[in-house]
Peer 1: 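Here it is, the structure in full.
All values derive from a computational prediction rather than experimental measurement. Values reported hereafter were calculated over all heavy atoms of this structure, with side chains retained and with hydrogens, waters and symmetry mates removed. First listed ligand is number 1; within each ligand, the first listed atom is number 1.
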Amino acid sequence: MASVVLVEDDHRIRAALVRALSERGHDVVASATGMEGLNRIVERSPDLVILDLGLPDIQGSELLKMVRAVSAVPVIVATARDDDAEIVRTLDAGADDYVVKPFSAEHLDARMRAVLRRGQGDQADGEGTPPLEVGDLVVDERSRVATMDGRLLDLTRKEFDVLVYLAARPGTVVSRRELLAEVWRQPYGGADKTVDVHLSWLRRKLGETAAEPRYLHTVRGVGVKLVAPEL
Ligand code: CA
């Protein structure tokens with residue numbers, strides 16, 4: 001069971017989610033506006049936040065930035081449509097995962113469990129582990145800092161997790177299915193763009209493109225690998 005703050009302006013969705021999550025043993029507090037939701041999050045320090053992106057008083061992505069300024073609480077955003085640009089923006093603004101409406105309570109609950117499990121893992125991982133080095137890329141799991149040529153990479157939480165996973169197995173081709181299972185702790189759903197979205201952003205932050213990769217190489221139909229570029 002988890003303490004949850006739900007921010008959702010649609011009365012019917014809000015009521016249905018409060019009921020469904022409460023039945024699953026979660027302690028849910030719901031807000032109909034973004035600013036009230038932010039107050040609840042600050043007051044309660046919940047284990048998890050579920051945030052509707054289409055709110056009457058503030059854009060969900062703006063609210064997410066405000067939440068991130070005060071809290072590292074895991075956030076799952078709910079988007080009304082499968083809009084890649086919007087999803088990328090919110091993941092980049094610090095969301096841990098997203099669900100596309102309409103979604104079932106079972107689906108949301110599975111995502112919640114994955115995000116919460118991941119949060120627990122973060123605390124235990126990386127104790128006393130030396131930084132991973134792949135060419136000029138250095139990834140320090142303990143301090144959660146990655147540098148390229150000594151330059152700090154500004155990575156989201158998930159981008160960092162993906163980079164750690166790949167940097168720990170340089171030269172090994174890792175499938176999307178494996179990344180989804182090991183980094184997101186989710187089963188593979190064929191249409192899921194989560195991994196691709198994060199890989200494309202990670203690639204951009206490494207300063208390269210899919211057409212001219214240096215470190216992050218896509219192996220078509222198989223997966224990706226991280227390798228040190230040849231001199
Ligand atoms: Ca809404």
Peer 1: Less than 4.5 Å apart, any side-chain heavy atom of D52 and any of V7?
Peer 2: no
Peer 1: N/O/S atom of L55 under 3.0 Å from the Ca ion (ligand 1), yes or no?
Peer 2: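 Given the 3.0 Å cut-off, L55 does not count as a ligand of the Ca ion (ligand 1).
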Peer 1: Hey, which N, O or S atom on D9 ends up closest to the Ca ion (ligand 1)?
Peer 2: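 The atom in question is OD1.
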Peer 1: Tell me whether R203 is salt-bridged to D196, with the criterion being a basic N under 4.0 Å from an acidic carboxylate O.
Peer 2: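 Result for this pair is no, no salt bridge flagged.
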Peer 1: If we ignore angles and hydrogens, is there a donor and acceptor under 3.5 Å between the side chains of H198 and D161?
Peer 2: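 Note: H198 and D161 side chains miss the donor-acceptor criterion.
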Peer 1: I'd like the atom name of the N/O/S atom in D52 lying closest to the Ca ion (ligand 1).
Peer 2: OD2
Peer 1: How far apart are the closest heavy atoms of A146 and L155, and which atoms are they?
Peer 2: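 The pair with the smallest heavy-atom distance is CB-CD1, 4.0 Å.
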